[in-house]
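The next block holds one structure in the form of structure tokens; read it before the comments.
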Amino acid sequence: MKPKVSIILTSYNKPDTVHLAIESVLAQKYDNWELLIMDDHSNDKTKRIIKGFLQDSRIQYFDSGIRDEDRHKTTRYATLINEALEKVSGDYISYLTDDDIYLPERLSEMTTILNNSPSYGVVYSKQLVRKIDQSGRTVYEKVRETNGILTKPQNLVDHCSVMHRASLLPLILAKYGSYWDDSPEYWHNGDAAFWARLAEWSPFYPIPKVLDICLKTPDSFQELNAFMPKELPTGLVVLSTNENTFLIDGNIRRKIDEAAFRMLKYDRKQLVKVHDPLLYQYREGAPIEKSVFSNAKLFPNYRFIKCGKSIFYTEGGCARPIESADALRRLKADLKDFILVAPEMLEDFQIGKPISRTFDQKNPIPEGKLFLYKRHFFVSGNGELKPMEAKVLRKLKYDKSLAIPLSKYEFASFPKGESLKWEVVRWKDKN
Ligand code: TYD
Ligand code: MG
């Protein structure tokens with residue numbers, strides 16, 4: 001009897017590539033496999049594509065049914081893999097993501113080595129890494145090489161380039177109480193955390209051939225997460241991977257519909273794409289629709305409204321009058337950003353503190369704006385100035401030329417919040 005390979009495919013909203021991963025399994029020269037598709041409650045488009053493959057009896061499909069707001073709580077693919085490892089029946093285990101393609105000889109090459117070398121617990125191979133753009137065109141390619149027999153494979157070997165014996169799993173479970181470590185801080189390299197566990201029982205033996213192609217897509221977690229701060233600044237307008245737009249307002253996300261988006265003078269070019277585990281940490285607030293024009297309570301914050309000759313900035317559910325032409329100039333507001341509202345609408349607003357030409361505790365800075373002090377950038381929110389790294393500033397598509405310079409006195413008048421910076425926690429050896 002040929003050993004059976006259990007392939008665990010984790011999937012989430014990759015309608016443009018998930019079929020490639022599944023087809024690459026179906027095209028394997030080696031046929032004794034089972035494929036467990038662990039879908040993290042993808043959108044309908046993705047699910048429809050996956051369901052087209054389920055007539056093959058070797059393929060099983062599981063939908064996690066996860067609520068979006070729970071997505072950030074664990075490294076989801078590790079959680080899904082742990083669930084799959086409870087269900088597998090194979091002798092060998094192999095991991096696949098929804099943006100990776102196994103070459104046809106991947107299973108045959110790997111199983112042959114494991115069959116012929118009973119002392120090998122784990123094998124890994126070379127990988128072709130292919131970065132593609134939104135339309136699927138190749139931006140660049142490189143080969144991730146094998147590096148001999150590895151006793152510390154962490155961060156050297158990709159998720160999709162490994163096959164290991166199922167017999168190692170009970171040993172890991174007995175020692176750690178779980179297979180993969182799904183703590184959320186390892187989202188960047190949960191595979192490294194698991195490789196470290198595996199390597200306690202077997203080195204990783206190289207197969208110096210390219211056996212899979214890893215596609216780096218614009219919507220991949222790593223791509224979207226690069227330079228993204230853990231907290232989004234208030235006033236930011238973002239795009240989800242499902243192409244919905246939201247205004248971030250404190251801890252709330254408010255969905256903006258298309259008509260309202262235009263009427264409220266938001267700019268498509270400024271939309272920042274964010275990954276769902278981050279976006280859905282924000283509670284859902286009232287949607288921003290046309291109806292906000294007839295209810296001041298629903299009108300979004302951080303907009304300029306104009307009624308007759310008066311201009312206001314909406315903030316904290318109020319309209320803050322802009323005190324003078326000088327004050328307006330300082331805000332670098334553009335005529336095209338002004339949203340005209342009828343006098344009846346303005347009457348519906350509570351009038352907030354005026355925005356004056358200089359800021360201090362009595363004349364608070366407008367929230368949700370970018371400021372500059374001694375070449376450092378800050379965003380205002382919650383009465384504070386939050387420092388922002390230059391890379392984060394670019395990622396969030398702030399226009400530096402619109403930053404409002406602060407005087408020393410002004411700068412000293414406001415408490416400084418926590419810095420908006422990019423941090424990536426990589427799994428590191430504790431030894
Ligand atoms: P991917 O976006 O490809 O990240 P990377 O940039 O690191 O390649 O996602 C990796 C895997 O994570 C992929 O198989 C899908 C899975 N995943 C989930 O299961 N749930 C989620 O909420 C997300 C964002 C990803
Ligand atoms: Mg990926």
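Whatever order the structure lists ligands and atoms in, that order sets their numbers, starting from 1.
Under the 6.0 Å cut-off for aromatic ring centres, Tyr266 and Phe261 qualify, their centroids lying closer than that. For Trp180 and Tyr186, the distance between ring centers is not under 6.0 angstrom. In this structure, Tyr179 has its ring center no closer than 6.0 Å to that of Phe194.
Ring pair Phe221/His275 is tilted by interplanar angle, where 30° to 60° counts as tilted.
Not a single heavy atom of His275 sits under 4.0 Å from any atom of ligand 1.
When heavy-atom distances to ligand 1 are checked against a 4.0 Å cut-off, Asp40 comes that close only through its side chain, counted from C-beta outward. Only side-chain heavy atoms of Leu80 come within less than 4.0 Å of ligand 1; its backbone N, CA, C and O stay farther off. Counting heavy atoms under 4.0 Å from ligand 1, residue Gln222 touches it through both backbone and side chain. The part of Trp187 lying near ligand 1 is the side chain, judged by heavy-atom distances below 4.0 Å.
Given atom 2 (O) of ligand 1, the protein heavy atom at minimum distance is Phe221 N, 2.8 Å. For atom 1 (P) of ligand 1, the closest non-hydrogen atom on the protein side is Lys14 NZ, 3.2 Å. Distance from atom 23 (C) of ligand 1 to its nearest protein heavy atom, with residue and atom name: Tyr12 CD2, 3.5 Å. Counting only heavy atoms of the protein, atom 13 (C) of ligand 1 lies nearest to Asp98 OD1, 3.3 Å. Here the protein heavy atom with the shortest distance to atom 16 (C) of ligand 1 is Tyr77 CB, 3.9 Å.
Within ligand 1, the atoms closer than 4.0 Å to a non-hydrogen atom of Arg71 are 20 (N), 21 (C), 22 (O), numbered from 1 in the order shown. Close approach to Thr97 involves these atoms of ligand 1, each under 4.0 Å from a residue heavy atom: 14 (O).
Here the shortest heavy-atom distance to atom 8 (O) of ligand 1, taken over Asn225, Asp219, Asp99, Thr217, belongs to Asp99.
In summary, Lys386 and Glu231 engage in a salt bridge, as defined by a charged side-chain N under 4.0 Å from a carboxylate O.
Nearest to the Mg ion (ligand 2), among the N, O or S atoms that Asp99 has, is OD2.
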Please lay out, stage by stage, how Lys273 and Asp219 fare under the test salt bridge (Lys or Arg N to Asp or Glu O under 4.0 Å).
-> CA-CA 8 Å; Lys273 210 163 202 183; Asp219 281 0; 3.1 Å; yes

Step by step, work out the salt bridge (Lys or Arg N to Asp or Glu O under 4.0 Å) result for Asp63 and Lys47.
-> CA-CA 9 Å; Asp63 178 352; Lys47 277 189 191 159; 3.0 Å; yes

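A 4.5 Å side-chain heavy-atom check between Ile50 and Val18 finds at least one atom pair inside the cut-off.
At least one donor-acceptor pair under 3.5 Å links the side chain of Asn43 to the backbone N or O of Thr46.
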